[in-house]
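In this text the structure is predicted, and so the values were computed from the model without any measurement.
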Amino acid sequence: MSSMQEFFAMGGYAFYVWTSYGLTLIVLLANIIIPVTQRKRFLRSLALKQNRQ
Amino acid sequence: MPWLVSAFVLITVAGLYGGLVLAPTDYQQGDSYRIIYIHVPSAWMSLFIYVVMAVAGAIGLVWHIKLAEIVAISSASVGASFTFIALVTGSLWGKPMWGTWWVWDARLTSELILLFLYLGVIGLYGAIDDKRTASRAVAILALVGVVNIPIIHYSVIWWNTLHQGPTVTKMDKPSIHVSMLIPLLLMALSFKFFYVIAMLQRARVELLQRERNAQWVKNLISGSK
Amino acid sequence: MSLTQAFFAIIRRDLVLALRRRSEIANPLLFFVLVITLFPLGIGAEPRLLQAIAPGVIWVSALLAAMLSLDSLFRSDFDDGSLEQILLSPHPTSVLVLGKIIAHWLVTGLPLLVVAPLLAVFLGMPNNSLGILLLTLLLGTPVLSLIGAIGVALTVGLRRGGMILSLLVLPLYVPVLIFAGNAVQMASSGLPVDAQINILISILLMALVLAPLPVAAALKMSIN
């Protein structure tokens with residue numbers, strides 16, 4: 001258990017290390033999520049247009 | 001695609017485990033150096049993607065290959081993201097090392113200018129309505145940028161050594177232990193995989209929007225219902 | 001018409017046109033002087049401080065003045081269609097475009113050299129660095145016009161190209177700013193500046209040879 005705590009403490013640099021990793025995760029996730037949702041939304045709007053015709 | 005994603009996950013887990021758990025603590029910087037496993041690979045990717053973008057743009061420009069044009073512009077946002085990550089993690093690493101969030105260090109400064117170059121590419125693409133024309137504009141700009149990047153980089157290094165002296169050598173490691181190097185290379189590889197995955201996602205949107213009137217798009221929509 | 005004749009004809013035409021609209025020459029100059037006047041007002045008129053920031057201030061203002069004047073490079077020719085005629089001519093576009101850039105520099109870049117001594121006096125620069133300041137302006141401002149021309153050529157077809165132009169062009173101006181600003185700074189402390197001047201010369205030569213190519217390509221793209 002103490003080794004887990006030590007791991008998260010990062011030798012006193014926890015804030016810097018985990019903020020870096022967290023921000024990276026957020027930015028990288030956004031790079032996947034944004035295009036996927038854009039694509040879905042675009043396909044939906046195209047489908048609506050086709051149905052109307 | 002599933003093959004790509006599983007390779008990416010495998011390499012990333014191995015790299016993170018090696019970097020955060022297995023690699024020993026640095027005797028000078030303590031555990032704060034572990035930011036290296038995302039900072040350095042992102043900085044590498046930021047340059048690498050710019051070059052890929054310029055090469056893809058040139059191919060699109062010369063042979064009018066639509067796919068190359070799409071690869072070029074789809075790379076821009078991913079590259080800007082990596083540049084942003086390199087800047088932020090560099091700043092977060094610098095705070096405990098230098099005592100301030102921002103130092104006009106040669107690498108951070110040229111990374112910042114690189115971010116401006118990426119934003120210029122993205123802004124130019126957004127400003128031109130016709131996407132074929134926009135792709136050509138982006139390709140020309142990326143080529144100009146790729147010629148200029150070495151000049152900018154070396155002028156910034158020269159400027160930095162002149163104004164600051166070697167105060168920021170903490171970030172250079174004269175030698176790096178193998179147990180630290182292997183996770184670093186794994187993370188670099190993992191970011192390359194991520195780039196391909198993210199770029200392909202972006203390219204799919206780009207392709208759909210350009211080909212909205214093509215038959216295959218119509219089939220795709222009626223097939224999905 | 002031979003290529004050299006066409007080249008000089010374009011320079012002459014642009015110069016004549018510019019002389020008819022003198023305000024376009026005066027505006028960047030006024031801007032240059034005005035911005036530099038603002039610095040002592042903003043940070044205080046302490047002579048030491050002014051002397052220390054003078055090279056940087058003059059060069060940053062020159063950068064901004066050069067950028068503001070860029071719009072007139074292709075704008076009127078784009079609007080009245082003469083740009084299309086230039087692209088249609090049998091001569092290589094890059095050479096003709098180089099003529100336009102040189103004419104533009106003669107009316108917007110060169111006059112900066114005339115007012116620079118005045119500003120050097122305003123900011124209390126030592127006399128021995130004035131020569132170097134003029135030399136760096138002479139070598140640096142053509143590079144600003146050449147690089148800027150790429151940005152204008154890419155954005156000339158856009159209605160709101162102004163903001164995007166600065167985003168495209170300013171990062172590319174960084175090396176000129178670093179070497180020119182530093183040369184002036186070194187000169188005012190009496191140090192040799194051969195290295196910086198040589199680098200500026202090589203940047204200028206490179207820009208002269210390379211920049212017209214992307215400008216020509218970008219203009220072709222903007223026209224259709």
Exercise. I would like to know whether Leu170(C) and Phe116(B) meet side-chain contact (heavy atoms from CB on, under 4.5 Å); could you show each step before the answer?
Key: CA-CA 9 Å; Leu170(C) 285 181; Phe116(B) 291 147; over 6 Å; no
Quiz item: Do Val144(B) and Leu210(C) pass the side-chain contact (heavy atoms from CB on, under 4.5 Å) test, and can you show the C-alpha distance, the side-chain angles, and the key distance before you say yes or no?
Solution: CA-CA 9 Å; Val144(B) 172; Leu210(C) 292 179; over 6 Å; no
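Within a 6.0 Å sphere centred on CZ of Phe78(C), other residues, nucleotides and ligands contribute more than 12 heavy atoms. Summarising the local packing, CZ of Arg13(C) is surrounded by more than 12 heavy atoms from other residues, nucleotides or ligands at distances under 6.0 Å. Around the CG atom of Asp80(C), the shell of radius 6.0 Å holds more than 12 heavy atoms that belong to other residues, nucleotides or ligands. Counting non-hydrogen atoms of neighbouring residues, nucleotides and ligands closer than 6.0 angstrom, the CZ atom of Phe8(B) exceeds 12 such neighbours. Around atom OH of Tyr125(B), more than 12 heavy atoms belonging to other residues, nucleotides or ligands sit under 6.0 Å away.
Every residue two or more places apart in sequence or in another chain was checked for a side chain to side chain donor-acceptor pair (under 3.5 Å) with Ser155(B), and none qualifies. Considering only residues two or more places apart in sequence or on other chains, Thr12(B) meets the side chain to side chain donor-acceptor pair (under 3.5 Å) condition with Ser190(B).
Residue pairs satisfying the ring pair (Phe, Tyr, Trp, His ring centres under 6.0 Å) criterion with at least one member in residues 40-77 of chain C, sequence neighbours excluded, are absent.
Summarising the geometry of Pro171(C) relative to Ile113(B), their closest heavy-atom pair is CB-CG2, 4.0 Å, with the distance given to 0.1 Å. Contact between Leu124(B) and Ile164(C) at its shortest, heavy atoms only, is N-CD1, 3.3 Å. The two residues Leu158(C) and Ala127(B) have their closest heavy-atom pair at CD2-O, 3.5 Å. Scanning both residues, Val174(C) and Ile152(B), for their nearest heavy atoms gives CG1-CG2, 4.4 Å.
Looking at Ile140(B), the atoms closer than 4.5 Å to chain C (heavy atoms on both sides) all sit in the side chain, from C-beta outward. In this structure, the portion of Thr155(C) lying under 4.5 Å from any heavy atom of chain B is its side chain and not its backbone. For Met206(C), the part lying under 4.5 angstrom from a heavy atom of chain B is the side chain only.
At a heavy-atom separation below 4.5 angstrom, chain B is approached by no residue within residues 94-110 of chain C.
Counting heavy-atom pairs closer than 4.5 Å to chain C, the top residue among Leu143(B), Leu112(B), Thr133(B) is Thr133(B).
If you take CG on Asn182(C) and CH2 on Trp158(B), they are separated by 3.5 Å, rounding to the nearest 0.5 Å.
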